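Dumping the structure here so I can ask a few things about it.
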Amino acid sequence: MAFTDSEELFEELWRIWYEHEVLTPVLGTPLAELDYDEIFQTLSKDRQEEILEKKKYFIALCKDAFG
């Protein structure tokens, strides 16, 4: 896959990171059968906030790349 748009690249990298963070803790459990957003909803509010804050952090790091 090749990207020519930095925001598209960011979103793809975010998707991969998000899926890893959400899915890894539930592998081998019945929750792994849910989709990522459903798994996200089962996380504690603190963990949900951590993940959302991480996206804001990553965006802030990349803001100069987004034109």
Side-chain angles (χ1 to χ4, degrees):
M1 196 179 312
F3 293 90
T4 57
D5 180 278
S6 58
E7 288 185 59
E8 287 179 19
L9 174 59
F10 175 86
E11 288 301 324
E12 179 63 13
L13 292 171
W14 169 254
R15 183 191 63 76
I16 292 166
W17 185 90
Y18 174 83
E19 289 173 358
H20 177 267
E21 289 297 306
V22 170
L23 183 59
T24 300
V26 299
L27 286 176
T29 73
L31 288 176
E33 299 300 317
L34 301 174
D35 70 35
Y36 297 113
D37 292 330
E38 290 173 323
I39 296 169
F40 181 81
Q41 294 303 315
T42 69
L43 300 174
S44 70
K45 294 297 179 192
D46 287 341
R47 183 65 180 131
Q48 289 178 21
E49 188 62 31
E50 279 180 36
I51 290 171
L52 297 176
E53 287 298 317
K54 187 60 91 168
K55 185 173 186 179
K56 291 177 190 175
Y57 170 74
F58 289 149
I59 288 172
L61 289 175
C62 299
K63 68 179 180 202
D64 293 336
F66 299 156

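Everything numeric in this text was worked out from a predicted model, so none of it was measured. Keep in mind that the numbers below use all heavy atoms, side chains included, and drop hydrogens, waters and symmetry copies.
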Practice problem: Mind checking the OG1-CG spacing from Thr29 to Leu27? Nearest 0.5 Å is all I need. | Solution: 7.5 Å
Exercise. Measure the acute angle between the ring planes of Phe10 and Trp14, then classify it against the limits of 30° and 60° as parallel, tilted or perpendicular.
Key: parallel
Quiz item: Shortest non-hydrogen contact from Ile39 to Ala32?
Solution: CD1-CA, 4.5 Å
Quiz item: How far does NZ of Lys55 sit from CZ of Phe58, to the nearest 0.5 angstrom?
Solution: 11.0 Å
Quiz item: For the atom pair CG (Asp64) and OG (Ser6), what is the distance rounded to the nearest 0.5 Å?
Solution: 10.5 Å
Quiz item: Can you find a heavy atom in the side chain of Phe40 that is under 4.5 Å from one in the side chain of Leu52?
Solution: yes
Quiz prompt | Rounded distance [0.5 Å steps], CG in Leu31 versus CG in Leu43 | solution = 9.0 Å
Quiz item: Among the clusters formed by ILVMFWY side chains lying less than 4.5 Å apart, do Leu23 and Leu13 turn up in the same one?
Solution: no
Self-check item: Co-membership, hydrophobic cluster, residues Ile16 and Tyr18, 4.5 Å side-chain
Solution: no
Quiz item: For the hydrophobic clusters of this structure (ILVMFWY residues joined by side-chain heavy atoms under 4.5 Å, transitively), does one cluster hold both Leu9 and Tyr57?
Solution: no
Practice problem: Sorted by first residue and then second, give each salt bridge (charged side-chain N to carboxylate O under 4.0 Å, His left out) pair with at least one member in residues 16-41; sequence neighbours left out. | Solution: Arg15-Glu19, Glu21-Arg47
